[in-house]
Structures are given as structure tokens and as C-alpha cells.
Amino acid sequence: MSSSPTATSVASSEPASARVPLSGLLLAVGGAIAFSGKAIIVKLAYRHGVDAITLLMLRMLLALPLFLLLAWWAGRGKPPLTGREKLAILGLGFSGYYLASFLDFAGLAYVSASFERLILYLNPTIVLLLSWAMFGRRVTLRQAGALAVSYAGVLLVFGHELQVAGANVWLGGGLVFGSAVAYALYLVYSGEWVKRLGAMRLTGLATSVACGFCIAQFLLTRPVSGLADLAPAVWWLSVLNALACTFAPVLMVMMAIERMGAGVAAQTGMVGPMSTILMGVLILDEPLTGWVVAGTVLVLGGVWLLARQRRI
């Protein structure tokens, strides 16, 4: 769950009406902002000495009952899962929600929340590149130009981060980019299963699988007794992360897609990077420099050009 949940429903069709309902717009904007707050909460929790494995486990443990409930509710009246569907859910849950989340949390220990969100917002461009590399899908000249614009923006902010934070930016940026690739792989392979199982059922099942992986990783690598030593702030931040920045935005974006289609909801998700930067400045005291602003404009511009190219 390192990227916007909007992309989970890539198979959804656009509504016939060209008018965008206000309720759908508010849900999409609220979901994008809530999902972007995850990076802020993780950075705040790191100030209390917690590590990525423990923090991720707490987030997923607290969210697990809600995702199990979602999977049950979305699966009512549906036929039981086949063996092939179970294997697909296992693989998608591992890549799209466990591995992507773990790499993202680990990377946030070394880079700013603003830079992390910009890297994750490269997701549509990574999906395009993976589709080209794995399935031979043609990349047009305009799409290549959009890719160049987006990656120029990330490189611009990377250069600024390197000056401010030092060599650890290479590690942090690499981990977050790995997170974006893991989630892009989920998107590339999830299209068939979204159609067969439905977006909500697949999301509930795959995230529940990821919760299991995160809990198992903690039990294998950390003593349970260490939870008693965590600062109280880590616990309430984890509750906030699980509810407001994990489960709630998934539902909000799914509801927005039902009202106005996946394409419009995805475009609305562009408020995510901007909200992360604003929260980073106001809450984390991260600097708002011309380099960050210029890089953000380039990344968002490249993604917008890519989305516009797909509609032509």
C-alpha cells in the first residue's frame, strides 16, 4: 500500500455522464490526502526510536480486522476461491502490499516525506515501462517525453536531497523506488483478478495476506516483549496510520471510482504529492525550496501528460 489505491481499480470503466459528482470528487480528494498522510505519520513515529519492521507490523495488525471484514463483505454470495485464485492473491498481496509497504517504510528513514511521495507518484510511468519490458507494448514518442519530464523532476529533487541529507539518500531513494516497482508489478498483474474477483474483494484479501506477512516478519526478527518498551506516541500514531491513512482511503477511493470512474479519480489523486509536501512543511518542518517545487511540478506534469496521452 505504498501508492494511491486509485490504481487498484484500473479495470473500472468511466461513467457515461461527463459531469463529475461532488460526492465523488470529495471522496477522491479526501482519500488522496489521507493516504499521503502515511509518510508524515511514519516520520513522526521514527522520532521515538521505533524501527520499520515494528512500525509496519503495528499498522498492519491494527488494520487486519478491517480488511478481513472488507474481504468477507465483498465476497458475500460469491463462489469460493479456486486454487489458482488463492495463489494469485498470495503473490499480489506479497508484492503489492507487503513488499511495497516494507520498502517504503524502510526508505522513509533516510529521505524526506516530500521526496518519498514524488518517487511513489512515478508509479504510472513504471507500469508503462514494465508493460514495455515484459509484454512488448509499444511506448510512443509522446509517452517517452512524459517519462522524461517526470524523471527529470525526481532527479532535480534528488540532487537537492543529496546536498541536504548526504549519501543516505541513495539508500532511501533506492528503497522507495523499489517500493514503487513492487506496487507497479502488482498493478500489471492484478487487472485479470480485479475483473474476476472485484476490486474490493481483491483488495481485502490481498491486504489481509500482506498483514500476515508483516506480522510473521516481526515475530521472526523482533522480540514480542519489545512492544512494552514502545513510546505511547508510537501506538496512537499506528492507530491513526491503520485507520485514517490505510483503511479509510482505500474505501474512500473505491467509492469515488464508483461515482465518477477510475480515470477522473486517478487525476484527482494528483493532490497527494502536494498535500504531502504541505504537511511535511507544517508538521515535520521540512524545507520548502524552489528545487522541491520545481521537481513536483515536473513529476505531476509528466504524469498528467501520460494520462492525457492514454485518453487520446
Side-chain angles (χ1 to χ4, degrees), residues 1-5 8 31 33-72 90 92-113 116-117 120 171-172 175-176 178-180 182-183 186 203-253 272 276 279-280 283-284:
M1 280 174 290
S2 62
S3 187
S4 170
T8 306
I33 294 174
F35 203 79
S36 298
K38 175 262 303 175
I40 307 300
I41 290 177
V42 171
K43 297 291 284 187
L44 288 173
Y46 279 159
R47 294 178 177 179
H48 298 278
V50 65
D51 63 272
I53 292 177
T54 302
L55 191 61
L56 180 59
M57 184 279 297
L58 291 176
R59 176 206 192 193
M60 300 303 248
L61 177 66
L62 294 168
L64 177 58
L66 297 174
F67 283 118
L68 287 173
L69 183 62
L70 176 63
W72 168 81
L90 186 67
L92 292 173
F94 177 86
S95 175
Y97 294 115
Y98 161 68
L99 184 61
S101 295
F102 173 65
L103 293 175
D104 183 36
F105 273 53
L108 274 167
Y110 304 103
V111 299
S112 68
E116 177 257 10
R117 182 51 47 180
L120 292 183
L171 175 58
L175 288 169
V176 176
S179 170
Y183 193 73
Y186 165 82
T203 299
L205 291 169
T207 47
S208 297
V209 167
C211 290
F213 279 122
C214 293
I215 294 169
Q217 181 184 35
F218 172 81
L219 293 176
L220 291 172
T221 60
R222 300 289 186 273
V224 177
S225 59
L227 295 176
D229 299 326
L230 294 177
V234 173
W235 287 96
W236 67 259
L237 283 170
S238 295
V239 171
L240 187 62
N241 197 358
L243 299 181
C245 299
T246 302
F247 184 75
V250 168
L251 282 186
M252 292 169 73
V253 173
T276 301
M279 287 188 285
I283 300 174
L284 301 177

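A quick note: this is a predicted structure, and the numbers were derived from the prediction, not measured.
For an aromatic pair to be called close, the ring centres must be under 6.0 Å apart, and Tyr183 with Tyr186 satisfies this.
Atom OG1 of Thr276 is separated from atom CD1 of Ile33 by 9.5 Å, given to the nearest 0.5 angstrom. Atom CG of Leu120 sits about 9.5 Å away from atom OG of Ser36, to the nearest 0.5 Å.
In this view, Ser95 satisfies the side-chain hydrogen bond (donor to acceptor under 3.5 Å, both in side chains) rule with no residue, not counting sequence neighbours. With sequence neighbours excluded, the residues that form a side chain to side chain contact (heavy atoms under 4.5 Å, CB included) with Leu103 are Leu99, Leu175, Ser179. In terms of the side chain to side chain contact (heavy atoms under 4.5 Å, CB included) criterion, residue partners of Ile283 (sequence neighbours excluded) are, by chain and number, Ile40, Leu44, Met279. Not counting sequence neighbours, the partners of Ile215 by the side chain to side chain contact (heavy atoms under 4.5 Å, CB included) test are Met57, Leu61, Leu64, Leu219.
When side chains are defined from C-beta on, Val176 does not count as touching Tyr110, because their heavy atoms never get closer than 4.5 Å. Put simply, the side chain of Phe105 reaches to within 4.5 Å of the side chain of Arg59, judged on heavy atoms. Side-chain contact check for Thr54 versus Leu227: some heavy-atom pair is nearer than 4.5 Å. The closest side-chain heavy-atom distance from His48 to Leu230 is not below 4.5 Å.
Of all heavy-atom pairs between Ser101 and Leu56, the closest is CB-CD1, 3.8 Å. When all heavy atoms of Ala71 and Gly204 are compared, the pair lying nearest together is CB-C, 3.8 Å. Heavy-atom minimum distance, Ala34 versus Cys245: O-SG, 3.2 Å.
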- Task: Kindly indicate, with the supporting measurements, whether the criterion side-chain contact (heavy atoms from CB on, under 4.5 Å) is fulfilled by Lys38 and Glu116.
- Result: CA-CA 11 Å; Lys38 175 262 303 175; Glu116 177 257 10; 2.9 Å; yes
- Worked check of side-chain contact (heavy atoms from CB on, under 4.5 Å) between Tyr46 and Leu108: CA-CA 9 Å; Tyr46 279 159; Leu108 274 167; 4.2 Å; yes
- Message: Test side-chain contact (heavy atoms from CB on, under 4.5 Å) on Leu92 and Val209; report intermediate values, then the result.
- Response: CA-CA 9 Å; Leu92 292 173; Val209 167; over 6 Å; no
- Message: Show, in sequence, the C-alpha distance, side-chain angles and deciding distance for Phe35 and Arg117, and conclude whether the side-chain contact (heavy atoms from CB on, under 4.5 Å) test is met.
- Response: CA-CA 10 Å; Phe35 203 79; Arg117 182 51 47 180; 4.3 Å; yes
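Listed by first and then second residue, the salt bridge (charged side-chain N to carboxylate O under 4.0 Å, His left out) pairs involving residues 209-226 are Asp51-Arg222 (not counting sequence neighbours). Applying the ring pair (Phe, Tyr, Trp, His ring centres under 6.0 Å) definition to pairs two or more places apart or across chains, those involving residues 209-228 are Phe94-Phe213, Tyr98-Phe213. Residue pairs meeting the salt bridge (charged side-chain N to carboxylate O under 4.0 Å, His left out) criterion with at least one member in residues 226-247: none, sequence neighbours excluded.
The backbone N or O of Ala109 sits nowhere less than 3.5 Å from a side-chain atom of Lys43 that would complete a donor-acceptor pair.
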Sequence neighbours excluded and cut-off under 3.5 Å, please list the side-chain donor-acceptor pairs for residues 236-244, or say none.
unit_1 : atom_1 : unit_2 : atom_2 : d
Ser238 : OG     : Val234 : O      : 2.7

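Exactly one residue among Leu68, Leu69, Leu66 makes a side-chain contact (heavy atoms from CB on, under 4.5 Å) with Ser208. That residue is Leu68.
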